[in-house]
Amino acid sequence: MRLWTRLSYWFRRRRLERDLAEEIRLHGEMLEEQFAGNGTPSDEARFAAQRRFGSAMAAVEQSRDQWSLAWLDSMLRDLHFAWRLLTRQPMFTIAATLTVAFGVGANTAIVSVLETALLNPLGLRHADRVMSPRVTLEKLNMRKVETSAVEFRETQSMTDVFSAVAATEGRYWTWQVGGEAARVVGRLVTPEFFQVFGEYPAIGRFFTPEDRNSVVLSDRLWRSQFGADPSVIGRVVTLNDEPHHIVGVAPASFRFPASAQIWTPLTIEPKRMLDSQRNSVMNLGLFARLKDGVTPEQAIDRVNRHVAGVKANEGSGGNSSKFNYKIELVPFGRYIAGDLRQPLLLLWGAALLVLFTGCANIAGLLLARTATRRNEIAIRISVGATTRQIVRQLLLESLLLGALGGAAGLGLAAAAISLVTRLTIPGGTMLPLVSLNGRMLIYGFALALLSGLVFGLAPAIQLLRQSQSLELARSRRKGFQYLFVAAEVATAFVLVVMTTLLLRSLWAVQQTQPGFDPHHVTTAYTLKPKNDPGFLDRLQSALRSNPTFESATLGSPLPFSGGGFTSGFQIRNRQRSGGPMWHGEGYMVAPEYFHVLRLPLLRGRGLSSSDTPKTPLVCIVDSNFAESFFPGQDPIGEEIFMYNGWARIVGVVASSRGTTLEANSRPSVYYTLAQVWRFPSVGILVRSTAPAGAAIREAVRQTNASVAIYDVKSIEERMGETLGIRRVTSALLTTFGAISLLLAILGLYGVIAQVVSERTREIGIRMALGAHPAQILSQFMLQGARSGLLGLGLGFAAVLYAQRWVSGMLYQVEAFDIATYCAAILVILSLLLIAVWWPARRASRIDPQQALRHN
Amino acid sequence: MAISANPELLPGTLEMLILKTLTRGPNHGYGIAQHITRVSQEALRIGEGSLYPALQRLLMSGWAEAEWGISETNRKARFYKITPAGRKQLAQEVRDFDFQLAAIARVMQAV
């Protein structure tokens with residue numbers, strides 16, 4: 001019989017029983033009637049009918065057996081019993097539930113982020129077949145950066161391993177909507193882009209090589225701006241003052257980049273593809289789709305062979321060999337996760353450790369309870385319960401605890417994820433897409449049940465050994481409990497060490513000075529208007545005329561907004577072969593830039609308003625640049641070619657960290673905006689002690705009302721954002737470390753307290769025979785210390801392995817930092833000793849008379 | 001009224017008899033018992049103790065369906081109806097029964 005029929009009967013069994021009883025009663029009535037009709041005296045008839053009563057009851061009984069599912073019934077009975085046990089000890093139940101809930105919640109939330117960022121990046125269907133070719137110039141400290149057009153041409157020709165390769169460029173546009181200027185984010189993409197991801201348009205079409213001023217809308221923009229109107233195809237929208245035809249709408253499931261609102265065609269000038277342009281303008285994000293049947297390893301091998309060929313062609317003196325040029329194929333998931341990958345994996349590991357500590361703790365508590373439950377279980381066995389039933393009962397109890405914790409944990413995870421989606425950290429554009437999907441719910445709940453099974457096993461195994469004597473059972477149980485405590489101490493130690501290392505790094509980073517004065521500077525970006533040649537000058541004077549501003553200037557890119565514009569350059573009168581030999585970060589700034597940021601001029605002169613398009617091109621370099629390319633020389637008067645021709649170096653400013661606080665910035669070159677303006681956007685910098693955001697918006701609006709302004713933030717906020725990952729990771733890891741430490745302390749306290757209460761009588765006898773309280777105290781202290789030391793030893797071994805999880809996130813701290821390790825050992829050990837001291841002192845104060853009378 | 005000893009039926013035979021009875025049309029438990037008793041000329045008497053469990057088995061196997069209704073004597077009664085699966089089962093059981101009966105007969109007639 002099929003299970004579901006049985007189950008359906010089982011669910012309806014009450015009603016069925018009523019029906020059957022009614023039916024049999026009616027049957028009896030009919031019989032009585034028949035007897036009456038036969039002329040049987042009514043008394044005799046009733047008697048005859050009632051004789052059948054017994055058999056009727058048997059019928060009901062038999063039928064009931066058919067409806068019921070014995071295993072289900074007894075399981076429900078066990079579950080009911082387990083529930084009653086749990087509600088009888090609410091403190092234990094709440095503590096255990098919260099412990100599991102925290103572990104499961106943290107795990108599920110972190111894995112959900114991991115899923116969106118790395119495992120199933122952005123929910124794209126074919127992401128596992130997409131790789132991003134990126135360039136590494138090891139000697140220039142450039143790793144996995146964007147490529148020049150040369151690599152695009154080359155990877156595209158590798159048709160034996162890639163079925164499609166697309167080049168993309170990130171871009172902002174000003175979008176004119178009803179007289180308002182809005183900023184839209186998106187990418188310029190070559191026609192192969194959508195093919196790489198195996199996507200088809202929801203409506204309309206994607207790009208063809210002939211497309212120029214076309215645009216594909218994201219599903220979100222299409223819904224918000226056009227009310228999902230299918231007739232938008234062919235309509236014209238104005239982007240950066242240029243008309244663009246809407247040719248298609250991407251499907252809702254396609255969200256790459258995560259923040260993209262539109263895509264427009266990217267056309268690459270053929271001359272950028274020439275071999276000599278390798279590494280010159282590196283601004284293309286490439287995405288390649290592996291051909292069916294080709295493994296990532298085969299593709300990597302193919303690319304490596306190609307690079308070896310390039311180096312051989314250039315000869316040993318070529319730049320590619322000199323700078324250790326490589327093309328690396330980054331799996332799409334890793335590309336999306338980026339800097340988040342390592343912290344996420346670290347946090348996942350930490351969350352698993354916390355859950356593990358929690359399980360060990362609950363197992364210890366459950367073991368302690370088995371001592372008190374021995375009677376109950378002995379009675380159940382003596383009235384006929386089998387070992388299997390007892391074990392099932394015990395496991396069911398812990399599974400129920402696990403399930404409770406899991407349900408609460410999933411609630412926690414949902415809350416945590418709603419926080420995560422609002423987090424803004426660099427490289428975290430995918431975070432708003434994180435959600436608690438079905439797979440994550442299953443993961444979380446399975447984890448909870450697994451935890452229940454894990455912490456339920458120890459007591460169950462312990463009770464299975466019926467044969468052992470009470471004393472043997474007790475010492476075995478103690479052995480288990482000490483082992484659990486040691487495991488808890490070990491994980492706590494691992495987490496405390498890692499947390500300390502990360503916190504020290506965070507502190508060191510925060511102490512790092514960027515090289516300029518970042519306080520009280522408000523910044524914003526605005527987009528360059530078309531057909532408004534005087535815009536910059538008028539904007540500057542509007543900013544300058546505001547009396548609340550101490551000083552104001554323009555410049556881009558802004559500090560801590562993602563780094564400079566990396567470009568290759570040449571130095572006049574220096575030999576070079578092949579492509580450009582040197583790379584630097586280009587900044588385009590107004591003359592007051594250095595004054596506003598209080599970036600000291602070391603030599604020569606600053607930029608000036610007399611440097612105009614009509615005067616010779618000049619630039620200023622930073623001291624890092626001077627030391628890298630003109631060691632021991634005066635760079636002033638030398639000429640470099642980065643943008644718009646040869647530029648004479650007229651001054652040297654102090655170097656500053658403008659991308660991240662952690663890394664020394666790359667050599668930088670400053671041009672004046674009047675002479676070189678390469679970006680569609682321009683940054684505004686205002687030094688003012690009063691909040692300046694509103695005033696900046698007003699100044700821009702007055703200058704040109706059709707210009708968008710966005711990303712209004714103080715530099716300190718920008719610096720904070722670059723620390724975002726570090727701060728969030730440190731905060732979470734601190735929480736995890738604290739919780740596991742607390743669990744370890746409670747665990748050890750619990751075991752020792754239990755031992756003391758069990759041995760009260762024995763201690764009393766020893767004291768009566770003359771044992772000194774100090775002896776008793778030290779005995780228990782030693783017992784606790786032994787378990788703690790075992791844990792620390794295990795933890796030390798574990799951290800030697802686990803330190804690799806943090807090593808990439810450390811700043812000015814060694815992964816094997818002796819001071820940190822010693823401090824962690826001392827702190828944990830002293831906390832553990834305090835935890836043990838409490839019950840141990842109680843033991844040493846036992847009054848022999850009372851203890852002997854007791855029991 | 002004397003009740004004759006109820007000969008023990010082969011296992012499964014009762015279900016077959018019930019299904020056969022139901023091929024004449026829907027009937028309630030009392031009616032089914034009456035019918036079997038009458039047709040067997042009082043040789044087979046079906047007590048509630050075996051009738052109702054057998055009916056439950058038929059219901060759970062999906063060979064019969066039950067529904068409350070009003071009997072010919074205007075009483076509330078639960079009517080059983082044979083399902084297509086029940087008809088198939090009946091045909092199968094009749095074949096098996098004939099086969100078994102023939103086999104038993106052969107054994108009994110052998111000297």
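We use all heavy atoms of the structure for the numbers below, so side chains are in, but hydrogens, waters and symmetry mates are not. The chains referred to below are lettered A, B, ... by the order of the sequence lines, with proteins before strands, and numbering in each begins at 1.
Distance check, rounded to the nearest 0.5 Å: CZ of B/R75 to NE2 of A/H27 gives 12.0 Å.
With a threshold of 4.5 angstrom between heavy atoms, B/R78 approaches chain A through its backbone and through its side chain. Heavy atoms closer than 4.5 Å to chain A are found in both the backbone and the side chain of B/L59.
Closest non-hydrogen pair, B/A77 versus A/M30, comes out as CB-CE, 4.0 Å.
Heavy-atom contacts from other residues, nucleotides or ligands closer than 6.0 Å to NZ of B/K76 number more than 12.
Among residue pairs with one or both ends in residues 57-80 of chain B, those qualifying as ring-ring contact (aromatic ring centres under 6.0 Å, His included) are B/H28-B/F79; sequence neighbours excluded.
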